[in-house]
Participant: 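Below you'll find the structure I mean.
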Amino acid sequence: QAHQLLDMVTRLRSVPGLYHFDDLALEYQLTRPGPARDCVGSLLDPQDEHPELLETLQIHIAHNLNRQRTARLLHVHTNTVDYRLKRIGQLTGFDPTQASGLWHLRSALVARTYRR
């Protein structure tokens with residue numbers, strides 16, 4: 001189980017640190033094979049032609065939704081981060097600046113990481 005959690009943290013590009021199973025229980029469940037994982041993972045399919053959007057979303061979530069840090073890590077302006085987040089919302093139908101949209105997008109990132 002420890003190896004599975006380490007693999008999951010690596011695939012999700014999580015911030016380095018000490019993680020306990022309780023910290024990752026939801027993510028762990030989303031990685032289990034089945035039709036639900038495939039369905040949730042497919043929410044990000046509209047971004048397949050825009051890899052910079054997927055990278056922005058991953059980095060933004062991994063760094064606790066900090067726009068400045070996301071921009072710095074991507075070597076772009078914070079307005080570019082805002083534009084990309086808005087575009088993600090337009091393509092997926094889930095607004096990453098709202099709690100419910102972010103929840104769906106984060107879940108989709110986790111599921112998608114194991115879908116391929």
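In this text, all values refer to a predicted model and were calculated from it rather than measured experimentally.
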Participant: For the CG atom of Leu73 and the CD atom of Glu55, what is their distance to the nearest 0.5 Å?
Facilitator: 9.5 Å
Participant: Nearest heavy-atom pair of Asn66 and Arg69: which atoms, and what distance?
Facilitator: OD1-N, 2.8 Å
Participant: Would you check if Tyr83 and Thr56 make a side-chain contact, meaning some heavy-atom pair closer than 4.5 Å?
Facilitator: no
Participant: Quick one: closest heavy-atom pair of Ser14 and Tyr19, and the distance?
Facilitator: CB-OH, 3.5 Å
Participant: How about Leu57 and Leu44: do any of their side-chain heavy atoms sit closer than 4.5 Å?
Facilitator: yes
Participant: Does Arg87 have any side-chain hydrogen bond (donor to acceptor under 3.5 Å, both in side chains) partners at least two apart in sequence or in another chain, and if so, which?
Facilitator: Gln90
Participant: Does anything in residues 27-37 pair up under side-chain hydrogen bond (donor to acceptor under 3.5 Å, both in side chains), and if so which pairs, sequence neighbours excluded?
Facilitator: Gln4-Tyr28, Glu27-Arg106
Participant: How long is the gap from CG on Leu54 to CD1 on Ile59, to the nearest 0.5 Å?
Facilitator: 10.0 Å
Participant: Report the distance from atom CG of Leu30 to atom OG1 of Thr113, rounding to the nearest 0.5 Å.
Facilitator: 10.0 Å
Participant: Would a 4.5 Å heavy-atom cut-off, applied to side chains only, mark Val81 and Arg84 as touching?
Facilitator: no
Participant: Quick one: does His50's side chain get under 4.5 Å of Ile88's, heavy atoms only?
Facilitator: no
Participant: So do the side chains of Glu52 and Val76 get within less than 4.5 Å of each other, counting heavy atoms only?
Facilitator: no
Participant: How far does NE2 of His63 sit from CZ of Arg72, to the nearest 0.5 angstrom?
Facilitator: 9.0 Å
Participant: Transitively linked via ILVMFWY side-chain contacts under 4.5 Å: Leu24 with Leu6?
Facilitator: no
Participant: Run the side-chain hydrogen bond (donor to acceptor under 3.5 Å, both in side chains) test against Asp82 and tell me which residues pass, sequence neighbours left out.
Facilitator: Arg67
Participant: Should Leu102 and Ile61 count as side-chain neighbours, where that means a heavy-atom distance under 4.5 Å?
Facilitator: yes
Participant: Counting C-beta onward and ignoring hydrogens, is there a side-chain heavy-atom pair between Leu43 and Leu105 closer than 4.5 Å?
Facilitator: no
Participant: Take His20 and Leu5 through the side-chain contact (heavy atoms from CB on, under 4.5 Å) test and state the conclusion after the steps.
Facilitator: CA-CA 9 Å; His20 298 281; Leu5 293 177; over 6 Å; no
Participant: Which pair of heavy atoms, one from Ala111 and one from Gly41, lies closest together, and at what distance?
Facilitator: CB-N, 3.7 Å
Participant: Measure from the side-chain N and O atoms of Tyr114 to the backbone N and O of Met8, and report whether any donor-acceptor pair falls under 3.5 Å.
Facilitator: yes
